[in-house]
Structure formats: structure tokens, C-alpha cells
Participant: 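Below is a structure I'd like to ask you about.
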Amino acid sequence: QQGIACHLALRNEQGELFTESREVFSCVEVIGADGMRHFLPRLATLIQNWQPTHIVTAFTDIGLLTWVARRRAGVPARLIHGLHNTHAFANRRRGLGGLLRFAADGVMARFLYPRVDALVCVSKGIEAEIKACCPAAAMHAHTIYNPVASAAFIAQCADQARHRQAPSGGHHAIVGLGRLTRQKGFDVLIDAAAKLPATLDWHIDIYGDGPERSFLQQRIVQNQLEQRITLRGYTEQPHEVLTQADVFVLPSRYEGFGLVIAEAMLHGVQIIAADCPHGPHELLDAGRLGQLVPVNDAE
């Protein structure tokens with residue numbers, strides 16, 4: 001909107017917002033779909049052709065490859081690396097491969113972070129984590145929170161929230177939102193639901209899609225909760241969903257920020273969140289604005 005040309009270089013041609021990205025960016029190039037061996041030389045060529053003044057990256061491995069590609073291209077663009085998730089041990093994948101990947105990511109991070117022009121963290125928790133593990137990067141690490149909504153939309157939501165009716169012994173609508181991955185901890189929410197009194201009128205709707213969908217459905221069946229929990233799939237209307245919710249639950253094992261918590265807060269929804277590293281504790285002001293519970297604790 002300010003007349004700055006914005007190009008997008010992607011590893012793969014996938015994701016819910018891929019089609020929309022072609023409408024937003026001046027140019028979208030997919031450079032790793034046929035193998036990562038092509039990613040580095042193609043990215044260096046793009047940088048030479050585009051001659052950017054600034055390059056913004058995410059993910060440690062991509063950030064490191066971009067740092068190398070910029071050197072190969074000989075373009076003095078400022079390199080800004082975004083950190084959207086924690087480096088805490090909680091985010092390692094399961095098994096030996098996951099452990100090795102986690103260790104390799106730490107090595108790459110300690111090499112990359114002091115060499116970029118700026119590190120942008122989505123929460124103060126991540127910024128503190130970076131400064132502790134990589135003191136050489138402390139001077140150029142900053143927190144910029146994820147944008148949630150315009151001032152006008154926030155005011156509109158606040159007005160609607162003031163007129164919300166609290167459930168009075170009737171039906172309780174409980175909502176979860178997020179990708180169906182181990183990170184989001186929906187298996188813990190299902191186990192927690194199995195402990196709720198059957199005498200109460202409650203239902204849990206989980207919105208999102210991902211690789212753990214079949215695993216979560218099996219867990220619902222095992223707990224005989226098919227009439228109580230529904231996997232609704234991906235939604236493009238999270239705000240509409242939250243306006244109908246009495247309670248929003250985020251049982252994540254780790255988060256960088258927790259955008260859905262901020263969205264739930266907009267609508268005045270009661271929030272229960274796992275006190276995981278790092279976003280929920282920060283967004284909920286250490287529990288003042290919502291209930292924090294231990295990670296992995298269905299009880």
C-alpha cells in the first residue's frame with residue numbers, strides 16, 4: 001500500500017493461503033518444489049534479478065540458506081530473520097531423528113543469528129530466549145507482536161463482547177482452533193473432555209486441519225466422545241466461530257505467540273490455555289486475563 005514492491009520466494013507450492021499470496025505479492029516464485037538442491041542457486045539468481053534492499057526470512061534452515069544466497073548474489077540487502085516459534089526443547093519432534101534435527105537447528109541458529117541485520121521475535125519470551133542462548137545477537141533482537149485486527153474492528157468486538165450473555169446452566173460451547181499437529185495438544189483436550197461430567201450440557205468443536213486428524217478422531221472414538229467432540233476442519237471465519245463460543249481452549253505444548261488467544265480475547269471469550277513457552281503466559285498477563293494450566297495436564 002505504500003508503494004514498496006514485495007516479492008515472495010517459496011520452498012513449496014502449498015498451504016491454505018497460497019492462492020491469496022498471488023493476489024497480494026508483486027511476484028511469487030516457487031524455487032524448491034523439485035528438490036532442495038535447486039533452492040540455493042535459484043534463490044541467489046532471484047536476489048541478483050530482484051536487487052532487494054531488504055530480505056525477510058523465517059525458519060532457521062531457510063534463513064541460513066538465504067544468508068549464503070545473498071553472499072553468492074553479491075547484493076548488499078539487509079537480512080531480517082523472523083522467529084515465530086520457540087527453540088525450547090518442547091518443540092523437538094519425536095524419535096532420534098527429531099532429536100538430531102533439534103540439535104542441528106540449535107547449531108544453525110547460533111551461527112545465523114549474530115550474522116543477520118535484525119532478529120524479529122513475535123513475543124518477549126522468544127526475545128529473552130534468543131538473548132540467553134545467543135548473546136552475540138542480543139543487540140539486534142526485537143519483539144514485534146503479530147498484528148491481530150484494526151482499531152475499528154477491535155472497538156466493534158469490544159462493543160459486542162459487552163453484550164455477551166454468559167451461559168447460565170444451559171449449553172456450554174467449547175472451541176479449539178489450530179492446525180491438527182502434536183504442537184497444538186488437542187489430544188490433551190480430548191483426554192480432558194473424557195474427565196468432564198456427562199451430566200452437564202457441553203460440546204467441543206475443534207477447527208483446523210493437519211496430519212494428526214485421523215489420530216485425534218481415533219482418540220475421540222476410544223473415549224466414546226463422538227457425540228461430544230467434533231473435528232470441524234479448516235475455517236476461514238475464526239472470528240465468527242469465536243463469537244459463538246463460551247470457552248476457548250488452547251492446549252498447546254509450545255507457541256511463539258498464540259494468535260488465536262488474541263482473537264479470542266477480542267471477543268471476550270473465557271480462555272483456558274496451557275502455560276507453554278512462550279506466548280500464552282505473556283498474552284494472558286501471567287493468568288490475569290485467562291486461566292493458565294500446566295502443559296500436557298488433562299486433569
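Bear in mind the structure is a predicted one, so any value in this text is a computation, not a measurement. Just so you know, residue 1 is the first one in the sequence shown, and it goes up from there. The figures that follow rest on heavy atoms only: side chains count, while hydrogens, waters and symmetry mates do not.
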Participant: Please examine the side chains of P280 and L292, heavy atoms only from C-beta on, and report whether any two atoms are closer than 4.5 Å.
Facilitator: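 In contact.
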Participant: Are V295 and Y254 packed together at the side-chain level, in the sense that at least one heavy-atom pair is separated by less than 4.5 angstrom?
Facilitator: no
Participant: Suppose we call two aromatic rings close when their centres sit under 6.0 Å apart. Are H239 and F153 close by that rule?
Facilitator: yes
Participant: Got T181 and K184 here, is their nearest side-chain heavy-atom distance under 4.5 Å?
Facilitator: yes
Participant: Determine whether Q183 and N85 satisfy the following criterion, side chain to side chain contact (heavy atoms under 4.5 Å, CB included), listing intermediate values before the conclusion.
Facilitator: CA-CA 11 Å; Q183 173 192 350; N85 241 322; 3.7 Å; yes
Participant: Starting from I4, walk the hydrophobic network (Ile, Leu, Val, Met, Phe, Trp, Tyr; side-chain heavy atoms closer than 4.5 Å) and list everyone else you reach, by chain and number.
Facilitator: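 I4 clusters with nothing; isolated.
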Participant: If you count heavy atoms of other groups shown closer than 6.0 angstrom to CG of L100, is the number above 12?
Facilitator: yes
Participant: Regarding S26 and H7, do their side chains bring together a donor and an acceptor under 3.5 Å, going by distance alone?
Facilitator: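 Their side chains do not contain a donor-acceptor pair, so the 3.5 Å distance test is not met.
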Participant: Going from OG1 on T235 to CG on L177, what distance comes out if it is rounded to the nearest 0.5 angstrom?
Facilitator: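 Separation between the atoms: 7.5 Å.
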Participant: Kindly work out whether a path of hydrophobic side-chain contacts (I/L/V/M/F/W/Y, heavy atoms less than 4.5 Å apart) joins V269 to L289.
Facilitator: yes
Participant: How are the rings of F257 and Y145 set to each other: parallel, tilted or perpendicular (split at 30° and 60°)?
Facilitator: tilted
Participant: Kindly say whether L79 contributes a backbone atom to a donor-acceptor pair with the side chain of D117 at under 3.5 angstrom?
Facilitator: yes
Participant: Salt bridge between K195 and E299, side-chain N to carboxylate O under 4.0 Å?
Facilitator: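 Yes.
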Participant: Got E255 and I261 here, is their nearest side-chain heavy-atom distance under 4.5 Å?
Facilitator: no
Participant: Report yes or no: does H38 contribute a side-chain atom to a donor-acceptor pair with the main-chain N or O of G32 at less than 3.5 Å?
Facilitator: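 Not at all, since once roles are kept as given, no pair shorter than 3.5 Å links the two residues.
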Participant: Taking side chain as C-beta onward, heavy atoms only, is D61 less than 4.5 Å from R101?
Facilitator: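 SC-SC contact between D61 and R101 confirmed.
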Participant: Can you give me the closest heavy-atom contact between A137 and I130, atom names plus distance?
Facilitator: CB-CG2, 4.5 Å
Participant: Strictly distance-based, threshold 3.5 Å: is any side-chain N or O of N223 a donor or acceptor partner for the main-chain N or O of R219?
Facilitator: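 Yes; judged by distance alone, with no hydrogens or angles, the pair exists.
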Participant: Please say yes or no: joined through hydrophobic side-chain contacts below 4.5 Å, possibly via intermediate residues, are L43 and V116 part of one cluster?
Facilitator: yes
Participant: Give a yes or no on this: more than 12 heavy atoms of other residues, nucleotides or ligands lie within 6.0 Å of atom CD of E240.
Facilitator: no
Participant: Is it true that atom CZ of R71 has more than 12 heavy atoms of other residues, nucleotides or ligands lying nearer than 6.0 Å?
Facilitator: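 Incorrect, the count does not exceed 12.
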Participant: Hey, mind stepping through R253 and D187 against side chain to side chain contact (heavy atoms under 4.5 Å, CB included) and telling me if it holds?
Facilitator: CA-CA 11 Å; R253 293 180 166 90; D187 55 314; 2.8 Å; yes
Participant: Determine, step by step, whether R179 and E212 satisfy the salt bridge (charged side-chain N to carboxylate O under 4.0 Å, His left out) criterion, reporting the C-alpha distance in whole Å, the side-chain angles of both residues, the deciding distance to 0.1 Å, and the verdict.
Facilitator: CA-CA 9 Å; R179 275 184 52 75; E212 292 214 337; over 6 Å; no
Participant: Looking only at heavy atoms, what is the nearest atom pair of S123 and G256, with distance?
Facilitator: OG-O, 2.9 Å
Participant: Which other residues end up in the same hydrophobic cluster as I174, if Ile, Leu, Val, Met, Phe, Trp and Tyr are linked when side-chain heavy atoms come under 4.5 Å apart?
Facilitator: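 Noted: I174 shares its cluster with L180, F186, L189, I190, L196, L200, W202, I204, I206, F215, L216, I220, L225, I229, L231, V247, V249, I272, V293.
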Participant: Are F18 and L46 in one and the same hydrophobic cluster, where Ile, Leu, Val, Met, Phe, Trp and Tyr link if side-chain heavy atoms are under 4.5 Å apart?
Facilitator: no
Participant: Using modelled atom types and a 3.5 Å cut-off, is there a donor and acceptor pairing between side-chain atoms of E263 and backbone atoms of P238?
Facilitator: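 Side chain of E263 to backbone of P238: no pair is present.
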Participant: Using atom types as modelled and distance alone, determine if a side-chain donor or acceptor of Q244 lies under 3.5 Å from a backbone N or O of A173.
Facilitator: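 Not confirmed, Q244 side chain does not pair with A173 backbone.
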Participant: What's the shortest heavy-atom distance between C157 and L266, and which atoms?
Facilitator: CB-O, 3.2 Å
Participant: Under a 3.5 Å distance rule, please check whether R70 uses its side chain to pair with a backbone N or O of I47 as donor and acceptor.
Facilitator: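 Judged by distance alone, no pair lies under 3.5 Å.
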Participant: Passes side chain to side chain contact (heavy atoms under 4.5 Å, CB included), V241 versus R232? Steps please.
Facilitator: CA-CA 11 Å; V241 167; R232 296 287 184 186; over 6 Å; no
Participant: Check G63 against T57 and note the closest heavy-atom contact, atom names and distance.
Facilitator: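 Heavy-atom minimum between the residues: CA-OG1, 3.8 Å.
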Participant: Report yes or no: do W50 and F25 belong to one cluster of Ile/Leu/Val/Met/Phe/Trp/Tyr joined by side chain heavy-atom distances under 4.5 Å?
Facilitator: no
Participant: Test of understanding: clusters of I, L, V, M, F, W, Y form through side-chain heavy atoms closer than 4.5 Å, transitively. Do I31 and I55 belong to the same one?
Facilitator: yes
Participant: Any chance you could measure I144, atom CD1, to L119, atom CG, to the nearest 0.5 Å?
Facilitator: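 So the gap between those two atoms works out to 11.5 Å.
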Participant: Assign the ring pair H81 / Y113 to parallel, tilted or perpendicular, where the plane angle (0 to 90°) is split at 30° and 60°.
Facilitator: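 Rings of H81 and Y113: tilted, 30 to 60°.
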Participant: Distance from Q156 atom CD to H267 atom NE2, nearest 0.5 Å?
Facilitator: 9.0 Å
Participant: Find the distance between CZ (F39) and OG1 (T66) and round it off to the nearest 0.5 Å.
Facilitator: 5.0 Å
Participant: For the residue pair A298 and D191, what are the closest heavy atoms and their distance?
Facilitator: CB-CB, 3.8 Å
Participant: How about I154 and V148: do any of their side-chain heavy atoms sit closer than 4.5 Å?
Facilitator: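 Contact flag for I154/V148 side chains = no.
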Participant: Rounded to the nearest 0.5 Å, what separation is found between the CD atom of E13 and the CD atom of E29?
Facilitator: 11.0 Å
Participant: Would you compute the distance between atom NE2 of H172 and atom CD of Q270 and round it to the nearest 0.5 angstrom?
Facilitator: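 Those atoms lie 12.0 Å apart.
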Participant: I'd like to know whether M36 forms a side chain to side chain contact (heavy atoms under 4.5 Å, CB included) with I62, so could you lay out the CA-CA distance, the side-chain angles of the two residues, the decisive distance to 0.1 Å, and finally the verdict.
Facilitator: CA-CA 10 Å; M36 282 303 289; I62 297 298; 4.3 Å; yes
Participant: Looking at every heavy atom in both A33 and V30, which two are closest together, and how far apart are they?
Facilitator: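 Heavy atoms only, the tightest pair is CB-CG1, 3.8 Å.
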